[in-house]
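Shown next, in structure tokens, is the structure this report addresses.
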Amino acid sequence: MSENLLIVNGNELISDAFYKTPAFTNSEGVFVNGVYGGIFKLISILKTSEYKALSISFSEECGNERLKPQILKFKEIIEAKGQGEIPVTKELLESLENALKDLSPSGEVKGASFDMTLKVTSDLNEVEALFETKSDRAAFYFLTDIGDFLGLGISFDGSNVTYIPVENFITADYLGKKLSILSERMSLCSFDIKESYKYFEPSEFANRTYGYKDEDVSGNKCFDVLIGAYLINPLKNDYEPWDVAKEYLKLTLPKRADLFGKEPLANADIKVLSEYASKIAYICFNAEPLIRAKLAKTGMERLMYNIEMPLSYILYSMEKEGIIVKRDELKAYGDKLLVRIDELEKAIYEAAGIEFNINSPKQLGEILFEKLGLPAEKKTKSGYSTAADVLEKLAPEHKIVADILEYRGLTKLKSTYADGLAAYIADDNRIHTSFNQTITATGRISSTEPNLQNIPMRTELGRLIRKVFVPKDGYVFADADYSQIELRILAHMSEDKGLIEAYHEGKDIHRITASKVFHVPFEEVTSLQRRNAKAVNFGIVYGISAFGLSQDLSISAHEAKEYMEKYFETYPGVKKYQEDVIASTKAKGYSETMFGRRRPVPELKASNFNLRQFGERVAMNAPIQGTAADIMKIAMIDVFFKLKELSLKSKLILQIHDELVIETAPDEVDTVTKLLVEEMEKAVTLSVPMEVDCHIGSDWYEAK
DNA sequence: GCGATCAGCGG
DNA sequence: GACTCGCTGATCGCC
């Protein structure tokens, strides 16, 4: 018997594999190369030998902080199979192989392949018959190219895939309608499903008139593989179908760019197109159950089914509505800037005694610090820093500096906003941004092409750009924003008595904080004290360091540290909360929002000090930012479907993190204002009141 | 034509 | 390995 027993030192096995296997993380961002390599070796030994039983021992010692969690993970996996001598059975081998799959290496696993039969058809009878297929679910991929729908890949069983080109009477509308009808009797799955809503409206949204519901989970609903994969690993950027295939199915799919390059898809061979679309449908069908299971296991079902999926439909609707931008006024604004830019340009050349490219930090640095001999303070990788904070300190030294700063500000407005936005105004005089749901690590939405979430606000001249954003004729904007949502969430999550009380007093929170931190009566707080308190509040919310705060306030790191310490003396609950949250994040490997959204923080276990500090700030910050994002998403769902329930003409068109903009019909102003404030405030109940401010205006400048 | 670098906007 | 992040625009060196 003893000759048939394989005795393994678990620590050595994993340690050995750890150093031999290139480092990679699993889908949750946790390093698992050692576990992977170890199990791989174990399987190959067991398969090529006659051992009848297996015994693995572990010792407590392990000094390597990166290695230790991997040994523990391996121990966990092994102990789930049994204690002491574990019989080597077929089941054991299978479960080890499954464990290997779960670890999701970045490399490929042998043996996996497409098991797909592809059929291409344009025959109406065949297509009609196809949509009568009996199944409880289907996966599809609507192949698009610059807004044109080229064809549909669809599968009802995960092995037979049909590709239907959009041609003749089989139009995109027709196929979309077929999908809509199909969604009444089965769950449909796709990748980046928002892109198919132009033609396809899932029945659960077509008829929906209620907002967010806690208990609504799952059922026969649409499922987006991309969003699911993002929730499980929000750190990965640019999820392509290819990545999901590799991560969940160990399959290799050529990237879109590799297949088609930059050629328009319409020019591509039908065979290549059909294979590409069909493979994505195949991937979706087969990855869906794995992703659903993982979401269930990680407690993110509500997030997926009740928040993100309805949200993707809403984001589509907002993109489609768009926002009117007055072309001529934007042009006039740009021309006005140009006059002053030209003046400044001349003045700068004269002061420098030479014409050069002011927009080139390299040339500007040479002029300022070499030709004019100004004191160079900070350096960048490739030369002098000419950043605004550096120049501001130099302003008294030479009159050219102020002009450069003004020039910078104006050219920024001109190029990014005046000219930049103009390029996106469509034929309907509206800008249709893209809201991206699967980019940020914390759960926030992002906006691109153009980014409408960073329209100037802080300076008056910049802010004026908002005047060109207008509602349609006769309508107005209703603009509602949460007042200090992150700080309120911090108060709630930290349960800090002082902070909670401060919010119940309903007075200026930064002033209260300053009063407490600097031990002065509320009325006697100076504007500088208030500004400092506000900066600390801000820093806490955005997870910046004492160093970052010192940069922000232009004070020494020492002073900044003192402010932070005073802040923590004032709100000890916040300090305690942050310590607890770092500890639990370190233990779990991820941080969590109130709604269970996760953010892996592998940096917390790093040996590099800076990296670990970064991890700590992320761990403190992600639950706050992420919870704010969750709450806003819930509010959007509530608001959107409330508008629909009441059959209002007013439309939700923008989201800027803590702010919503509704293009509002004149006869609906009162209803919409009340609805916005109510739904946003009641999206969640915290131990502090939620406060929403709503303004009405005939343009975005006025409404804000 | 492309990617790296610097700069600056918002929440 | 730096100090928030995501986005965009201008420049510049590289192929």
Side-chain angles (χ1 to χ4, degrees), chain A residues 234-235 237-238 257 261-262 356-365 378-392 404-405 407-421 423-424 433-436 438-459 461-463 465-466 481-487 537-552 557 560 599 603 606-622 624-626 628-629 632 654-660 704:
Chain A
L235 293 189
N237 29 16
D238 301 330
K262 289 198 183 67
F356 65 102
N357 190 338
I358 311 169
N359 288 319
S360 162
K362 186 165 171 281
Q363 294 183 35
L364 181 62
K378 241 171 41 181
K379 287 214 133 202
T380 63
K381 280 175 201 166
S382 55
Y384 308 104
S385 167
T386 66
D389 57 331
V390 174
L391 295 191
E392 268 158 31
I404 290 170
L405 282 167
Y407 176 91
R408 277 257 182 85
L410 297 185
T411 50
K412 173 77 180 180
L413 293 175
K414 176 88 164 82
S415 63
T416 306
Y417 297 105
D419 299 346
L421 289 174
Y424 288 101
T433 184
S434 296
F435 287 110
N436 202 317
T438 56
I439 295 286
T440 67
T442 54
R444 277 184 166 189
I445 290 165
S446 78
S447 156
T448 54
E449 295 183 300
N451 181 358
L452 291 184
Q453 291 181 319
N454 74 341
I455 305 300
M457 176 72 189
R458 292 171 201 181
T459 69
L461 182 62
R463 198 171 179 161
I465 292 181
R466 291 169 179 245
D481 67 300
Y482 281 109
S483 159
Q484 294 141 1
I485 184 167
E486 285 100 347
L487 216 46
N537 276 334
F538 178 86
I540 299 272
V541 162
Y542 284 101
I544 62 173
S545 56
F547 176 80
L549 183 66
S550 73
Q551 294 290 300
D552 205 50
R599 199 251 203 240
E603 294 90 347
S607 54
N608 178 301
F609 177 77
N610 282 331
L611 201 51
R612 217 168 44 241
Q613 291 284 105
F614 173 72
E616 291 190 359
R617 293 202 300 278
V618 162
M620 295 186 287
N621 170 244
I624 307 291
Q625 284 238 1
M632 180 48 112
L654 290 181
Q655 189 254 41
I656 306 99
H657 308 306
D658 64 352
E659 169 190 0
L660 292 179
K704 184 71 180 130

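The sequence lines fix the lettering, A, B, ..., with proteins before strands; numbering per chain opens at 1.
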Length of the line joining [X]:[atom1] and [N]:[atom2], which is rounded to integer Å:
| X | N | atom1 | atom2 | result |
| --- | --- | --- | --- | --- |
| A:Asp552 | B:dG11 | CG | C1' | 13 Å |
| A:Ile358 | C:dC12 | CD1 | P | 13 Å |
| A:Leu611 | C:dC3 | CG | P | 13 Å |
| A:Lys412 | C:dT11 | NZ | P | 13 Å |
| A:Ile485 | B:dG10 | CD1 | P | 20 Å |
| A:Arg599 | C:dC5 | CZ | C1' | 10 Å |
| A:Leu413 | B:dA7 | CG | P | 18 Å |
| A:Leu660 | B:dG11 | CG | P | 14 Å |

Which atom of A:Ala546 lies closest to which atom of A:Ala560, heavy atoms considered: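 Where A:Ala546 meets A:Ala560 most closely, the heavy atoms are O-CB, 3.3 Å.
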Excluding sequence neighbours, so at least two apart, what forms side chain to side chain contact (heavy atoms under 4.5 Å, CB included) with [X]?
| X | value |
| --- | --- |
| A:Asn237 | none |
| A:Ala629 | A:Arg444 |
| A:Asn454 | A:Tyr417, A:Asn451 |

Report which part of the nucleic acid [X] touches: base, sugar-phosphate, or nothing (heavy-atom distance under 4.0 Å, all strands).
| X | value |
| --- | --- |
| A:Asn608 | base |
| A:Ile439 | sugar-phosphate |
| A:Asn357 | sugar-phosphate |
| A:Thr411 | nothing |
| A:Gln363 | sugar-phosphate |

Please tell me which of the listed nucleotides, [options], lies nearest to the side chain of [X]?
| X | options | answer |
| --- | --- | --- |
| A:Ser545 | B:dG11, C:dA10, C:dC3 | C:dC3 |
| A:Ala388 | C:dG6, B:dA7, B:dG8 | B:dG8 |
| A:Arg408 | B:dG8, C:dA10, C:dA2 | B:dG8 |
| A:Ser360 | B:dG10, C:dC12, B:dG8 | C:dC12 |

Does a side-chain N or O from A:Thr386 land closer than 4.0 Å to OP1 or OP2 of B:dA7, or not?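 The answer is yes; a side-chain N or O of A:Thr386 sits under 4.0 Å from OP1 or OP2.
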Sequence neighbours left out, what passes salt bridge (charged side-chain N to carboxylate O under 4.0 Å, His left out) with [X]? Give chain and number order.
| X | result |
| --- | --- |
| A:Asp552 | none |
| A:Glu603 | none |
| A:Lys412 | none |

I want to check something: taking the side chain as every heavy atom from C-beta on, are [X] and [Y] in contact at a cut-off of under 4.5 Å?
| X | Y | answer |
| --- | --- | --- |
| A:Leu421 | A:Ile455 | yes |
| A:Asp481 | A:Lys704 | yes |
| A:Leu660 | A:Met632 | yes |
| A:Tyr407 | A:Asn359 | yes |
| A:Ile540 | A:Ile624 | no |

Pairwise N/O distances under 3.5 Å, protein to nucleotides 1-5 of chain B:
| unit_1 | atom_1 | unit_2 | atom_2 | d |
| --- | --- | --- | --- | --- |
| B:dC2 | OP1 | A:Lys262 | NZ | 2.7 |

Cut-off 3.5 Å, no hydrogens considered: what does the side-chain donor-acceptor table look like for residues 612-620 of chain A, sequence neighbours left out?
| unit_1 | atom_1 | unit_2 | atom_2 | d |
| --- | --- | --- | --- | --- |
| A:Arg612 | NH1 | A:Ala606 | O | 3.1 |
| A:Arg612 | NH1 | A:Ser607 | O | 3.1 |
| A:Arg617 | NE | A:Gly543 | O | 3.1 |

Show the distances under 3.5 angstrom between N or O atoms of the protein and N or O atoms of nucleotides 13-15 of chain C.
none

Among residues at least two apart in sequence or on other chains, which ones pass side-chain hydrogen bond (donor to acceptor under 3.5 Å, both in side chains) with A:Lys414?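 For A:Lys414, the residues satisfying side-chain hydrogen bond (donor to acceptor under 3.5 Å, both in side chains) (neighbours in sequence not counted) are A:Asp419.
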In Å, rounded to the nearest 0.5 Å, how long is the span from CD1 of A:Ile544 to CZ of A:Phe538?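 Taking CD1 in A:Ile544 and CZ in A:Phe538, the distance rounds to 6.5 Å.
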Check for me: is A:Tyr542 stacked on C:dC5 by the 5.5 Å centroid and 30° plane-angle rule?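 Aromatic stack with C:dC5 absent for A:Tyr542.
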So what's the dot-bracket for DNA chain C: Watson-Crick or G-U pairs under 3.5 Å, [ ] if a pair crosses, | if it pairs off-strand? ....||||||||||.
Between A:Tyr424 and A:Arg617, which residue's closest nucleotide on DNA chain C lies nearer the 5′ terminus?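 Counting from the 5' end, the first nearest nucleotide belongs to A:Arg617.
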Mind running a 4.0 Å heavy-atom check of residues 442-458 of chain A against DNA chain B and sending the residues that fall below it, in number order?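 Result for residues 442-458 of chain A: A:Arg444, A:Gln453, A:Asn454, A:Ile455, A:Pro456, A:Met457, A:Arg458, sorted by number.
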Considering only the C1' atoms, how many Å lie between C:dA2 and B:dT5, rounded to the nearest integer?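 Looking at atom C1' only, C:dA2 and B:dT5 are 15 Å apart.
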